Amino acid sequence: MLSYVLAGLALGSIYAIAAASLVVTYVSAGVFNFAFGALAYAVARFYYFLHVQHGWAILPAAVVAIGVFGPVLGAALYALLFRHLRLRSSLIKIVATIGLSVALPPLVDLIFGQLSNATAPGLAPQPVRTFRVLGGVVNLDQLITYLALILVLAVGTIVLRYTDIGLRVRALVDSEALTAMSGVSPTRVSLGVWAGSTLLAGLAGVLVAPTSGLTVDGMTSLMAAAFAAVVAARLRNLPAAVATAVVMGVATTVVQRFVAPQSALSAQLVPSIPFLFMLVALLYYAVRGQAGDTATGGALDRAVHIAATGPPGANVLRGKGIRWSSALGPAVALIVVATLPLVLELFWGGVVAGGIALAIALLSYTMVTGEGGMIWLCQTTFAGLGAVLAAELATDAGWSPLLAVLVAAIIVTPVGVVIGILTIRLGNLYVALVTLTFGLLVQNLVFLRDHIYNSGQGVVLLRPEWATDNRVFALFALAVFLVLGVIVLNLRRSTAGLAVTAVRASESGARTMGLSIVPVKVLVSALATFIAAIGGGLLALNYQAALPDSFNPFTGLVWLAVLVTIGSRSITGALVAGVAYGLLPSVFQTYLPSTWAQVPVILFGLGAVMLARNPDGLAAMHARQLRAVRARFGRPDAAPTSADTDAPAMAGEHA
């Protein structure tokens, strides 16, 4: 038992270092860093590059990678990205850091080369020595991890409490505006905070690599587990985050003492423990009304924030912005997409069909995030549930495939309604974390079950006989997309749509007008979940199997990043994003050298990063450019009418 506890203390120490970094950046910069795992991977990969590939000794490799490269990377990213995020909406903060998490790992692999073996050394010499302590076994890597946590806590406490630097950081946490008025540069302080945070991310990445492997998935799991400790500490309490992380690490390893290592229960339960911690904490705070969004800084900062960003609701989710004056954009997009499967070879027709099916799933983000203003990170999970249920109904019960997809979507819809009701009292960031946690739990407890996962092959779901041809199926999927798009568009024009818009702009204002928040959010949740499940079923029909790996929640983060990059309220934008996401990687893999295969992923991620400077997305940016050209040639757009305000949504318009 003692050996399990010692191993758990090491794991918990790594979680604690990661949690400390996340808390510091959140309380000082107001940014919850979803790119933490990517930063950890980048520094750990550079350490491997120096130590293993170039034969550097451990100490100089660690000093250069963790102590130099990490802070320099953090400072560079602060200059390019993080400094633009402080006053942005929660959606932009989340999506921009998700974009960084998508783009950075393949960019690092492109520079340093992709590893064929994920086994990586830590900070202990190889082979790693082991010691016996009171009947338990501990290795040198674990001892170094203990010392690293003690060092981080000691140095952090001394710096933050007893030095001039710590005083400036605490002042920045209280009020950026007052800090600037006192003669201290908030920019320099923030630069130092992000440099230190990236150093801690790199340290955590190097320490976790020997057990989790030097992979993006391993680092992402580290990040997600650290989220649980941060949430349990209500995002701001550093001692509570560290203590929770250590307890969580011990619980994760001790549980393995009582379950067979190779059993299905172990594979499902052990990875879920951090997320169960997070779920319990979130529900507890929600019941107590302590899970609302917290404003960064003091009263003066909030006044400056209002002056900089306009009144509440005047942000990316409000729905007012540049309008296109015609439906030319959507018409062109639809014609191009409909033509592609007809003119391309059969293989490429299947790729386009998959992109259109994905566009339907992306349309659910348009509904829940673009229309409802709710930052849900579990739409890919609803898509996966729809796919798996449809496959089960069609394969085991012998149902017609299309009927199975429809019924599966209807069955999944109440799950989304429950999520919507449970998250009504939560702030935007907490909603994002709750839905991500839900997706991770479903991934571990449902999708990884043997009869569903089936060694990665999933559950078979054959197409109807008339849709076996890729071209026919692509056109059918496009027809389904159009039907669902018209439903979303008509909702915008309806009385219920006006209520949704009012709630999205300001919940308190909507209540003042006598609107009930619960029915509005239930409507949005139900429709978004139904659309996601339909999209998942069509994705399964396209691949002729419900593949659980295709519906990983972290894959859903990429989906959201791609969609919001184009425009979160754009119906046609969802179609363009889905086709581009499906088509571009295949084009690169087929016609370009293998080293370029990850370039589309990098571009998708960088597009989301650019939201920090252009929060409206690419569609609105091009719309502004079009209006500028028209105005230059003496043809300014007329004031938009009520009919005009809805048509642009199909044209890729994004507020």
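Small disclaimer: the values here were computed from a predicted structure and weren't measured. Values below: every heavy atom of this structure, side chains too, minus hydrogens, waters and symmetry copies.
A 4.5 Å side-chain heavy-atom check between I111 and F49 finds every atom pair outside the cut-off. Using a 4.5 Å heavy-atom cutoff, the side chains of F69 and Y47 are not in contact. At least one side-chain heavy atom of M219 sits under 4.5 Å from a side-chain heavy atom of V208. Side-chain atoms of T565 and L606, non-hydrogen and from C-beta on, never get closer than 4.5 Å to each other. The closest side-chain heavy-atom distance from M248 to Y15 is below 4.5 Å. For the pair T380 and L557, the minimum side-chain heavy-atom distance is 4.5 Å or more. With contacts defined as side-chain heavy-atom distances shorter than 4.5 Å, the pair L603/L584 does not qualify. Looking only at side-chain heavy atoms (C-beta outward), V431 and W376 come within less than 4.5 Å of each other.
Under the 30°/60° scheme for interplanar angles, the aromatic rings of W194 and F82 are found to lie parallel. In this pair, F32 and F34 present their aromatic rings perpendicular. The plane angle is above 60°, beyond the 30 to 60° band.
N428 approaches G373 most closely through the heavy-atom pair OD1-O, 3.9 Å. Across every non-hydrogen atom of A333 and V576, the tightest pair is CB-CG2, 4.4 Å. Of all heavy-atom pairs between L214 and A44, the closest is CD1-CB, 3.6 Å. Between A561 and I98, the shortest heavy-atom distance links the atoms CB-CG2, 4.1 Å. When all heavy atoms of F438 and V415 are compared, the closest pair comes out as CZ-CG1, 3.7 Å. Closest of all the heavy-atom pairs between A226 and L22 is CB-CD1, 3.9 Å.
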query = What do the steps show when you test L203 against V43 for side chain to side chain contact (heavy atoms under 4.5 Å, CB included), and what is the final call?
reply = CA-CA 8 Å; L203 176 61; V43 177; over 6 Å; no
message = The test is side chain to side chain contact (heavy atoms under 4.5 Å, CB included); show your working for N542 and L538 and say whether it passes.
response = CA-CA 6 Å; N542 181 65; L538 290 182; over 6 Å; no
message = Let's go through M374 and V524 carefully: what are the C-alpha distance in whole Å and the side-chain angles of both, what is the deciding distance for side chain to side chain contact (heavy atoms under 4.5 Å, CB included) to 0.1 Å, and is it a yes or a no?
response = CA-CA 9 Å; M374 299 181 289; V524 173; 3.5 Å; yes
key: Full working for side chain to side chain contact (heavy atoms under 4.5 Å, CB included) between I531 and V488   = CA-CA 10 Å; I531 293 173; V488 174; 4.0 Å; yes
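Annotation: side-chain hydrogen bond (donor to acceptor under 3.5 Å, both in side chains) contacts of Q114 (sequence neighbours excluded): none.
Here the side chain of T25 pairs a donor or acceptor atom with the backbone of S21 at under 3.5 angstrom. Put simply, the side chain of T244 never gets that close to the backbone of A229: no donor and acceptor are under 3.5 Å apart. For S101 (side chain) and A35 (main-chain N/O), no donor-acceptor pair under 3.5 Å exists by modelled atom type. With hydrogens and angles disregarded, a donor-acceptor distance shorter than 3.5 Å links the side chain of T435 to the backbone of A432. A donor-acceptor contact shorter than 3.5 Å links the side chain of Y365 to the backbone of G556. In this structure, the side chain of R45 engages the main chain of G113 through a donor-acceptor pair within 3.5 Å. Checking side-chain atoms of S197 against main-chain N and O of V193 turns up no donor-acceptor pair under 3.5 Å. Counting only distance, with no hydrogens or angles, the side chain of N444 and the backbone of L440 share a donor-acceptor pair below 3.5 Å.
Checking L115, V108, L110 one by one against F112, the side chain to side chain contact (heavy atoms under 4.5 Å, CB included) holds for a single residue, V108.
Distance CG/L539 to CD1/I356: 11.0 Å, rounded to 0.5 Å. In this structure, CG on L422 lies 10.0 Å from OG on S525, to the nearest 0.5 angstrom. Distance check: I419 CD1 to T529 OG1 gives 8.5 Å after rounding to the nearest 0.5 Å. To the nearest 0.5 Å, atom OG1 of residue T366 and atom CG of residue L489 are 12.0 Å apart. Note that CG of L91 is 5.0 Å distant from CD1 of I375, once rounded to the nearest 0.5 Å. I534 contributes atom CD1, which lies 14.5 Å from atom CZ of F382 (distance to the nearest 0.5 angstrom).
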